[in-house]
Amino acid sequence: MKFEVEIAPLDLGLTLGCGQTFRFKAQLDGAWSGVLGEHHLVLRQIGTRIEGTASPGGKNVDELVLDLLRAKDDIDKIQRALGRDKVLAPGIRSMRGLRIVKLDEWECLISYVLATYANIPRIMKMVEALASGFGRRIERGAYSFPERKTLARASVNELRRCGLGYRAEYVRAICDTVDEDALARMCRMTYANLRKSLIEIPGVGDKVADCVSLFGFGKLEAFPIDVWIERALARLYRQRGSYRRLMEFAAERFGEYAGYAQEYLYHNERMLAHENVCVFSEK
DNA sequence: GCCCAGGAGTGTG
DNA sequence: CACACTCATGGG
C-alpha cells in the first residue's frame, strides 16, 4: 500500500544513512528500503514529501514514519539553541535535514549491544542475520526484528553463527534478564535514571547506554561518545579525557539538545575522514 | 596482510 | 576515579 507524509526540514538519506538505524539501505535509484516494525518500506524523498510503499500489516504507516523521523522536533528551535556555540554555528545549517531517529526500544538495545567494536556494515549484517534467523518473514527477503521471547529461544552457538562473536553471550543474557515490563518502566524514567538502569544490563556501558537513551528512548540530552566524537571533541574543542569528563563537557556546552549536537559532530567527523570535507573548524 | 571499528568487562594503581 | 588489558571478527 502507498503512503505519503510531509516532514520539513528533512534529508532522508542523511538521516537513514548516517548510522543511527541499521535497517535501511539506499537503492540505486535514490530510494531507501528497510524494515520498520512489521512493515517493509520503500521510501523516497520528493522535496518536503516522503512517499513510498509499505507491506500490508494493519498499522498506520504514516504515523510510524512520522515517529521514526521525529517529525515533531522543532529543528529551527534546536538549531537556534545549538547555534549559540561558536564552533557549531557556521556549519549546522547545512545539516538541517539530519534528524535524530526514534527506534523501537528493544531493537535499539540489542542493535547497539551488537555495535560494540564493530563497523557499520558489519553491524547491519549482524542485525540482518538476527532478523532473518529469528524474526517474522514480512515479504521476500524482509524480516522483522525478533521480539524477546523468540530471540530467547536461540542458543549462544546459534547467535554466534549470526556473526555476533563475543556479543552472542550478551544478547543471551539480555533475553533472560530484560523483559517487556522492564522496558516499559524505563520509558517513564528521566534520562539520569534511565542511564543508570541501562548500564546494569549486560553488554551495556556508558556509550551504548547513551545511544539507547537517545535513539531508543528519545532522550535528546544524551550525548553518546564513540571514537569519532572523541576525535571531534579533541580537534574542535581541545577536550580529552574520560567518558565522564567529556560527558559533563557536552552537557554543559550543548544542554538539552546535546544529542543533535552529537549527531552533527559525528557526521562531520566521518565526512572529514572519508570524503575530506567538513563544515566545522576549530575557532 | 594490515588496521580499525558507534566498547564492555575486569583487574589494578 | 583513571588507566591497561583482553575479548573475536569482518570490512575497508
Side-chain angles (χ1 to χ4, degrees), chain A residues 14-26 95 98-103 105 107-130 155-175 177-178 195-220 222-235 239-250 254 258-276:
Chain A
L14 195 50
T15 301
L16 294 182
C18 70
Q20 300 183 65
T21 169
F22 305 111
R23 297 231 68 189
F24 287 87
K25 288 181 183 169
M95 289 188 272
L98 172 54
R99 308 182 77 99
I100 301 288
V101 298
K102 170 65 177 74
L103 307 176
E105 295 85 1
E107 175 171 348
C108 185
L109 171 62
I110 298 296
S111 298
Y112 277 91
V113 167
L114 300 186
T116 62
Y117 211 52
N119 55 26
I120 291 174
R122 186 180 173 192
I123 300 162
M124 296 179 75
K125 204 169 176 181
M126 288 190 277
V127 172
E128 179 61 35
L130 278 191
S155 69
V156 172
N157 277 335
E158 286 178 298
L159 295 173
R160 280 184 181 276
R161 266 178 255 131
C162 290
L164 304 199
Y166 64 91
R167 305 164 192 83
E169 292 178 26
Y170 293 145
V171 172
R172 171 103 296 278
I174 293 173
C175 286
T177 57
V178 181
R195 194 173 193 286
K196 286 180 197 165
S197 299
L198 286 170
I199 285 179
E200 292 177 8
I201 295 173
V204 178
D206 288 313
K207 191 268 179 179
V208 171
D210 283 328
C211 284
V212 177
S213 295
L214 180 57
F215 307 127
F217 290 87
K219 301 299 187 188
L220 291 187
F223 187 87
I225 301 166
D226 68 347
V227 292
W228 297 101
I229 294 298
E230 277 183 8
R231 287 171 201 157
L233 293 178
R235 188 171 68 81
Q239 294 294 316
R240 302 165 202 278
S242 65
Y243 197 99
R244 176 186 178 79
R245 183 180 143 66
L246 295 177
M247 188 174 88
E248 287 170 355
F249 172 80
F254 306 123
Y260 267 93
Q262 189 271 3
E263 211 54 32
Y264 295 148
L265 290 168
Y266 177 77
H267 176 63
N268 182 67
E269 204 64 22
R270 286 167 55 91
M271 290 287 288
L272 178 61
H274 298 306
E275 319 277 342
N276 201 29

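In what follows, chains are A, B, ... by sequence order, proteins preceding strands, each numbered from 1.
A/Glu263 comes within 4.0 angstrom of a nucleotide base, judged by non-hydrogen atoms across all strands. A/Arg240 comes within 4.0 angstrom of nothing in the nucleic acid, heavy atoms only. Residue-level contact check: A/Tyr266 touches the bases, meaning some heavy atom is under 4.0 Å from a base atom.
Of the residues in residues 108-123 of chain A, those placing a heavy atom less than 4.0 Å from an atom of DNA chain B are A/Tyr112, A/Ala115, A/Thr116, A/Tyr117, A/Ala118, A/Asn119, A/Ile120, in numerical order.
Going from atom CG of A/Leu272 over to atom CZ of A/Arg235 covers 5.0 Å, rounded to the nearest 0.5 Å. Here the CD-OG1 distance, from A/Glu107 to A/Thr21, works out to 6.5 Å after rounding to the nearest 0.5 Å. With rounding to the nearest 0.5 Å, the separation of OH in A/Tyr266 from CZ in A/Phe223 is 13.0 Å. The structure places CG of A/Leu159 at 7.0 Å from SG of A/Cys175, a figure rounded to the nearest 0.5 Å.
Atom CG in A/Asp210 sits roughly 13 Å away from atom P in B/dG7 (whole-Å rounding). Taking atom CH2 of residue A/Trp228 and atom P of nucleotide B/dC4, one finds them 11 Å apart after rounding to whole Å. Taking atom CG on A/Asp206 and atom C1' on C/dC3, their separation rounds to 14 Å, with Å as the unit. Whole-Å rounding puts the A/Glu169 CD to B/dG9 C1' distance at 12 Å. The CD1 atom of A/Ile225 sits 16 Å away from the P atom of B/dG6 (whole-angstrom rounding). Atom pair A/Asp226:CG and B/dC4:P shows a separation of 15 Å (rounding to whole Å applied). Counting to the nearest Å, the C1' atom of B/dA5 and the CZ atom of A/Phe22 are 12 Å from each other. Straight-line distance from the OH atom of A/Tyr243 to the C1' atom of C/dA4: 20 Å, rounded to whole Å.
Side chain of A/Arg195 to main chain of A/Ala222: no donor-acceptor pair is present (N/O by atom type, distance under 3.5 Å, no hydrogens or angles). Listed for the A/Arg245 side chain is no donor-acceptor partner under 3.5 Å among the backbone atoms of A/Ser242.
In this structure, A/Glu200 does not pair ionically with A/Lys196, as no charged nitrogen and carboxylate oxygen lie closer than 4.0 Å.
Considering only side-chain N and O atoms, A/Lys207 lies nowhere under 4.0 angstrom from the phosphate OP1 or OP2 of B/dA8. Put simply, A/Arg161 has no side-chain N or O that comes within less than 4.0 Å of OP1 or OP2 on C/dA8.
Here the separation of C/dT6 from B/dG6, taken at their P atoms, is 23 Å to the nearest Å. The separation of B/dG9 from C/dG10, taken at their C1' atoms, amounts to 22 Å, rounded to a whole angstrom.
If you find the closest nucleotide of DNA chain B to A/Cys211 and to A/Gly203, the one lying nearer the 5' end belongs to A/Cys211.
No donor-acceptor contact under 3.5 Å links the side chain of A/Tyr170 to the base of B/dG9.
Using a 4.5 Å cut-off on side-chain heavy atoms (C-beta onward), A/Glu230 and A/Ile225 make contact.
Checking B/dA8, C/dG11, C/dA2 against every side-chain atom of A/Ser242, the shortest atom distance belongs to C/dA2.
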